[in-house]
Amino acid sequence: MKVAIIGQGYVGLTISAFAGEFFEVVGFDNNQRIVDQLNAGVSHIEGVESSTLQKWIKAGRYQATTHGGDISSANLVVIAVPTPLSDDRQPDMKYIEAACKTIGENIKAPVLVINESTSYPGTLRNFIKPAIEKYSASVVEHLYAISPERVDPGRGDYNQKNTPRLYAGLTTEATEKTREFYSRFCDELVEVSSPEVAEAAKLFENTFRQVNIALVNEFAQITNALGISVYETLDAANTKPYGFMKFTPSAGVGGHCIPVDPTYLAAVADQHGAPATFIRRANDVNLEMSKYVVDRVQADNGASLLGKSVLVVGVAYKPNVADVRETAAELVIAHLRKRGAVVSWHDDVVGSWHGEKSAPLSGADIAIVVTKHDSVDEKSIVASAPYVFDTTGKIKGVKGL
Ligand SMILES: NC(=O)c1ccc[n+]([C@@H]2O[C@H](COP(=O)([O-])OP(=O)(O)OC[C@H]3O[C@@H](n4cnc5c(N)ncnc54)[C@H](O)[C@@H]3O)[C@@H](O)[C@H]2O)c1
């Protein structure tokens with residue numbers, strides 16, 4: 001069986017690496033640089049080993065391409081393209097639409113199309129199927145299914161194999177074929193009654209995180225006002241053996257999922273006249289955390305940051321990955337610069353970002369830790385400035401949330 005995977009980023013390449021063991025995989029991506037790199041056997045994604053790619057390439061079971069024609073002989077197509085927000089913070093479906101165009105224009109015989117991209121309930125039925133049909137020159141009866149991706153990049157304990165996978169097809173045949181596909185490389189498959197349930201479940205998982213992170217971020221502000229430690233209080237609450245799940249405060253949420261997916265749910269709620277008040281409030285609280293952090297730092301430093309050199313430590317959105325999408329560091333830096341601080345950042349995992357390079361971890365007036373990678377030594381962070389503010393809860397003996 002030949003599997004075409006549209007999008008060779010975090011999700012698409014990860015699935016390619018797993019699928020390569022059983023199928024011939026064509027990884028279609030419209031970024032020529034990524035495609036060239038992948039065909040040279042070099043992975044650009046944490047968690048996907050270059051050696052795995054090289055093994056599949058050597059066995060003739062993996063090829064990356066920018067040519068739509070190369071997917072024309074596929075029997076199964078997986079969509080794994082970005083689903084970001086537009087400038088007005090609404091679901092931006094242009095990448096899914098482009099993927100549908102590639103499929104519609106190039107695949108002439110019926111195949112199984114599985115969407116792994118995160119999107120609102122109804123996307124498979126009301127957007128993907130009609131879009132592929134619109135771009136197909138003649139009527140082709142494809143099968144359609146959804147299996148939302150739950151991978152957490154950089155995580156060691158859960159991966160494609162041992163994370164239970166939700167799935168549902170638009171027809172019974174699509175559901176069965178989807179189960180057959182994933183059962184080759186996933187331990188536990190969870191069938192749900194409709195694609196909309198799978199799509200909504202994925203959005204709710206991330207909304208649950210978003211709302212609880214906002215709650216603990218607000219709680220950190222309350223405990224600080226009360227003069228008690230948020231971490232000690234959370235640890236105390238966490239001794240309850242049931243009914244409590246610990247989340248920890250931060251400078252805000254980042255990444256492609258938590259700041260974005262809940263807005264897809266809110267948008268579809270709006271269309272159906274249902275409330276999404278928690279989602280909107282949680283978004284605001286998380287976005288405002290960066291200002292709260294900078295306010296605290298300013299208050300501790302003579303009420304002015306004008307001309308002070310501030311080093312932001314860790315600009316990736318979470319530890320041990322190079323991903324800076326929607327990172328809270330961006331807002332922290334913007335607030336600092338607005339107040340006249342001279343800002344640099346240190347993150348050797350990210351390396352370069354917005355045309356700037358990672359600065360040395362030393363010599364600043366103030367250091368603010370936004371993300372703590374395992375590779376960064378705690379003592380070096382403490383020594384990097386006379387005043388250190390930690391938003392991660394990982395650095396001992398310094399100021400923090
Ligand atoms: N990264 C995660 O942790 C994660 C987890 C679960 C779900 N998701 C979801 O999976 C989807 C993909 O996310 P990602 O993190 O893999 O994104 P990504 O940005 O890492 O990768 C997307 C890839 O798609 C390519 N691309 C864009 N438009 C294309 C097109 N029309 N045709 C072919 N290739 C195209 C890009 O060049 C890029 O390489 C999103 O919906 C995301 O929300 C991501």
Stepwise side-chain contact (heavy atoms from CB on, under 4.5 Å) test for Asp261 and Thr207: CA-CA 7 Å; Asp261 298 352; Thr207 301; 5.8 Å; no

Point-to-point distance, once rounded to the nearest 0.5 Å, from CD1 of Ile128 to CD1 of Ile103: 7.5 Å

Spacing of Tyr62 atom OH and Leu38 atom CG [to the nearest 0.5 Å]: 4.0 Å

Working for side-chain contact (heavy atoms from CB on, under 4.5 Å), residues Glu116 and Ile15: CA-CA 10 Å; Glu116 288 210 15; Ile15 200 97; 3.2 Å; yes

Check: Gly355 main-chain N/O paired with Ser352 side-chain donor or acceptor under 3.5 Å: no

Pairwise distance OG(Ser290) to CD1(Ile368) - rounded to 0.5 angstrom: 10.5 Å

Parallel, tilted or perpendicular: ring planes of Tyr120 versus Tyr264, cut at 30 and 60 degrees: parallel

Side-chain (Thr102) to main-chain (Ala98) donor-acceptor, under 3.5 angstrom: yes

Distance-only polar pair, side chains of Asp300 and Tyr387, donor-acceptor under 3.5 Å: yes

Interatomic distance, Lys202 atom NZ to Ser119 atom OG [nearest 0.5 angstrom]: 12.0 Å

Atom of Gln210, atom of Ile279 and distance for their closest heavy-atom approach: NE2-O, 3.2 Å

Main-chain N/O of Ile395 paired with Asp390 side-chain donor or acceptor, under 3.5 Å: yes

Parallel, tilted or perpendicular: ring planes of Phe23 versus Phe185, cut at 30 and 60 degrees: perpendicular

salt_bridge(Arg165, Glu191) N-O dist < 4.0 Å: no

Partner of Thr392 under side-chain contact (heavy atoms from CB on, under 4.5 Å), chosen from Ile381, Val369, Val370, Leu401: Val369

Donor-acceptor pair, side chain of Ser43 and main chain of Ser50, under 3.5 angstrom: no

Side chain His346, main chain Val313, donor-acceptor under 3.5 Å: no

Salt-bridge criterion met for Glu378 and Lys394 (N-O under 4.0 Å): no

